[in-house]
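Accompanying notes for the structure given below.
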Amino acid sequence: MNQMQSIMRVLRTALIQSRVGKNRLENLQNAENLIAQAKNAGANLVALPECFNSPYGTKFFSEYAESIPNGPTSKMLSKAAKDNNIFLVGGTFPEIENDKFYNTCTVWNPAGELVAKYRKMHLFDIDIPGGITFKESDVLSAGNELASFDVNGIKVGLGICYDLRFEELAKLYRLQGVEILIYPAAFTLTTGPMHFELLQRSRATDNQVFVMAISPSRGEQGFMAWGHSQITDPWGKVIGQAKEGEEIVYGDLDLSECDKVRQQIPIFGQRRKDIYDTIRIGNR
Ligand SMILES: O=C(O)CCC(=O)C(=O)O
């Protein structure tokens, strides 16, 4: 690898753990200001949280839903990516298409063009008595497609929040050549402390990829996000983590770490597909 190629294998990223309230325009303005701040700090890949333009909750999805790429949120994201000359992972916002609602992540390149769109594939339907009950599928439809994009030859895959729990999705991305997985994610105060860090470290270790998850900051009312946006390296080590307030987490991702761990612990060449593929277990 020549010097130029090795320079391009380092990516300065910024995770924007923004404050989200009920006013869409204020949420967009706040995100725009923080994106410019991240650019001034040298970031060339910037990511926003899940539901960054609206409060998180099934009762809000239809009210805040927009079509893509014509709605005000898409327009702001496209402009911010172009003005700041960055790749921008536009967190998520509720999307409407053909009378169906989706929880959708869009990605914009430095020319302001939409380069990826991912709809949450695993909807957050859980019931923990005394903890939290949530049923996104009351309102949302699930996406059925993987989505990835390319930053200077580095392949980046997308998931959203609850998707973090599904190892199969992360593995499919790894098998497609992904080196960074990004999950906008508003974990709850019940499951966040138990699982948010653990799941990210697990996906990173299993697949030998960088994992980044971006939460909104903790609100004072309504849905309380866990915060703790995080960057994990392909060895499973946490290299950046927020607390619960509004904050930007920066990370200089050295992609040669993916090469190193894959070479030194070569699990993908050691998978016993000759055995796995012969075992049939009902509805696997
Ligand atoms: O998996 C979890 O515990 C949280 C998931 C979540 O909050 C979501 O998918 O929005």
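Please read these numbers as outputs of a predicted model, since none were measured by experiment. One-based numbering along the sequence shown. Each ligand, and each atom within it, is numbered from 1 in the order the structure gives. Side chains included, hydrogens not; waters and symmetry mates left out as well; all remaining heavy atoms used.
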Pair up each side-chain donor or acceptor in residues 46-57 with any protein partner under 3.5 Å, not counting sequence neighbours, and list the distances.
unit_1: Glu50; atom_1: OE1; unit_2: Ala186; atom_2: N; d: 2.8
unit_1: Glu50; atom_1: OE2; unit_2: Asn103; atom_2: ND2; d: 2.8
unit_1: Glu50; atom_1: OE2; unit_2: Lys120; atom_2: NZ; d: 3.1
unit_1: Asn53; atom_1: ND2; unit_2: Glu66; atom_2: OE2; d: 3.4
unit_1: Asn53; atom_1: ND2; unit_2: Thr73; atom_2: OG1; d: 2.9
unit_1: Tyr56; atom_1: OH; unit_2: Glu136; atom_2: OE2; d: 2.8

Ring centroids only, cut at 6.0 angstrom: are Phe61 and Phe101 within range, meaning strictly under it?
no
Kindly give the heavy-atom pair with the smallest separation between Ser217 and Glu246, and that separation in Å.
CB-N, 3.5 Å
Within 45 degrees of the ring normal and closer than 6.0 Å to the centroid, is that where the cationic atom of Arg174 sits relative to Phe268?
yes
Look at the aromatic rings of Trp226 and His228 and report parallel, tilted or perpendicular, splitting at 30° and 60°.
parallel
For the side chain of Glu247 and the backbone of Lys243, is there at least one donor-acceptor N/O pair under 3.5 Å apart?
yes
Return a table of N or O atom pairs, ligand 1 on one side and protein on the other, at distances under 3.5 Å, rounded to 0.1 Å.
unit_1: ligand 1; atom_1: 1 (O); unit_2: Arg165; atom_2: NE; d: 2.7
unit_1: ligand 1; atom_1: 1 (O); unit_2: Arg165; atom_2: NH2; d: 3.4
unit_1: ligand 1; atom_1: 3 (O); unit_2: Arg165; atom_2: NH2; d: 2.8
unit_1: ligand 1; atom_1: 3 (O); unit_2: Thr191; atom_2: OG1; d: 2.6
unit_1: ligand 1; atom_1: 7 (O); unit_2: Ala186; atom_2: O; d: 2.9
unit_1: ligand 1; atom_1: 9 (O); unit_2: Lys120; atom_2: NZ; d: 2.7
unit_1: ligand 1; atom_1: 9 (O); unit_2: Tyr162; atom_2: N; d: 3.1
unit_1: ligand 1; atom_1: 10 (O); unit_2: Glu50; atom_2: OE1; d: 3.3
unit_1: ligand 1; atom_1: 10 (O); unit_2: Tyr56; atom_2: OH; d: 2.6
unit_1: ligand 1; atom_1: 10 (O); unit_2: Lys120; atom_2: NZ; d: 3.1

